[in-house]
Amino acid sequence: MLDKSLIADLPPFVGMENDSLEKLISAAQAQRYSKNAHIFRQGADAEHFYLLLDGYLRVVKVTEHGEQVIARYISTGELFGIAVAIGRDTYPANAIAAVDCVALVWPNSVWQPTIEKNPSFSTNTYRAIGDRLQETQDRLVELSTERVEQRVASALLKLVRQTGRQTDEGVLIDFPISRQDLSEMTGTTLHTVSRLLSAWEIAGLIKSGRQRITVVEDHKVMLIAHGQK
DNA sequence: CCATTAAAGGATT
DNA sequence: AATCCTTTAATGG
């Protein structure tokens with residue numbers, strides 16, 4: 001049996017009445033996903049919506065030719081797979097566990113009643129959707145105006161803000177991330193990312209290993225992101 | 001400035 | 001052993 005304290009303090013649910021919370025949580029099912037598992041697939045019928053309780057996952061668009069673009073990362077406490085919120089009946093992308101994850105799963109049928117009875121939940125989720133839209137628009141501008149170096153630096157900083165964990169060496173990005181992943185976030189190739197990271201490591205801005213990146217000099221990375229090298 | 005191609009070595013399963 | 005990740009160099013748009 002799930003307890004409402006699991007979700008009561010998470011951003012999507014702040015301001016909700018206690019009995020509404022209880023009702024919502026009782027309609028949910030907890031589900032574990034091991035690393036690299038697909039939670040849902042692009043184009044599949046959207047029958048559920050989700051909340052990430054623990055872990056990180058990536059949202060990946062796949063083209064007809066098999067090329068992948070990482071649309072965004074979802075971290076703990078975020079809703080995802082909310083196709084129902086924007087009137088879609090299929091999922092627009094794949095959701096893949098970046099590490100072992102735990103999520104709550106609801107059937108879409110509980111979305112509409114929950115929205116209707118809980119104005120705060122409604123505003124919270126539509127705000128979140130708005131934020132994500134804003135983010136993708138910012139990325140569009142980035143892609144068309146900034147050099148690769150700036151885009152990779154920006155992506156690093158975004159990940160640090162979203163998932164950074166302080167260590168004695170700097171701020172570690174808290175899940176396995178490859179050069180390929182970074183290239184899929186920034187519209188470049190893994191080779192270019194590899195070269196950039198190598199150069200930054202020599203310059204002391206970051207430390208990196210296989211699927212590990214630690215930002216040591218975030219200020220200097222920020223300078224690169226903003227174009228003044 | 002950056003993508004592509006190729007080659008090779010290390011890490012992971 | 002097979003596969004995945006990373007680095008490096010050469011070439012060309």
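Proteins get letters first, then strands, A, B, ... in listed order; numbering begins at 1 in each. Because the structure is a prediction, the values reported are computed rather than measured.
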Please identify each residue that fulfils side chain to side chain donor-acceptor pair (under 3.5 Å) with [X], with sequence neighbours left out.
| X | value |
| --- | --- |
| Q166(A) | none |
| N118(A) | S20(A) |
| D131(A) | none |

Practice prompt. Ignoring hydrogens and angles, tell me if any N or O in the side chain of S120(A) forms a donor-acceptor pair with the backbone of G15(A) under 3.5 Å.
Written response: yes
Worksheet item: Which residues pass the ring pair (Phe, Tyr, Trp, His ring centres under 6.0 Å) test with Y91(A), sequence neighbours left out?
Response: F40(A)
Discussion item. My understanding is that only residues two or more places apart in sequence, or in another chain, count here; which of them pass ring pair (Phe, Tyr, Trp, His ring centres under 6.0 Å) with Y73(A)?
Written reply: F175(A)
Worksheet item: Excluding sequence neighbours, so at least two apart, what forms salt bridge (Lys or Arg N to Asp or Glu O under 4.0 Å) with E169(A)?
Response: K207(A)
Worksheet, complete the sentence: Contacts of D174(A) meeting salt bridge (Lys or Arg N to Asp or Glu O under 4.0 Å) (sequence neighbours excluded), chain-then-number -> R165(A)
Worksheet item: Can you list every pair that meets salt bridge (Lys or Arg N to Asp or Glu O under 4.0 Å) and has a residue in residues 67-76 of chain A, with sequence neighbours left out?
Response: R72(A)-E78(A), R72(A)-E135(A)
Worksheet, complete the sentence: Tracing side-chain contacts under 4.5 Å among Ile, Leu, Val, Met, Phe, Trp and Tyr outward from L140(A) reaches none
Item to complete: Name the residue closer to the 5' end of DNA chain B, choosing between V148(A) and K35(A) according to the nucleotide with the nearest heavy atom.
Response: V148(A)
Discussion item. Could you tell me the boundaries of the chain A footprint on DNA chain B, defined by atoms under 4.0 Å from its heavy atoms?
Written reply: dC1(B) to dT12(B)
Worksheet item: How does protein reach along nucleotides 3-13 of chain C, written 5' to 3' as B (base within reach of a heavy atom under 4.0 Å), S (only sugar-phosphate), or - (no contact)?
Response: -BSBBBB----
Worksheet item: Counting only non-hydrogen atoms, which of residues 54-63 of chain A are less than 4.0 Å from DNA chain C?
Response: none
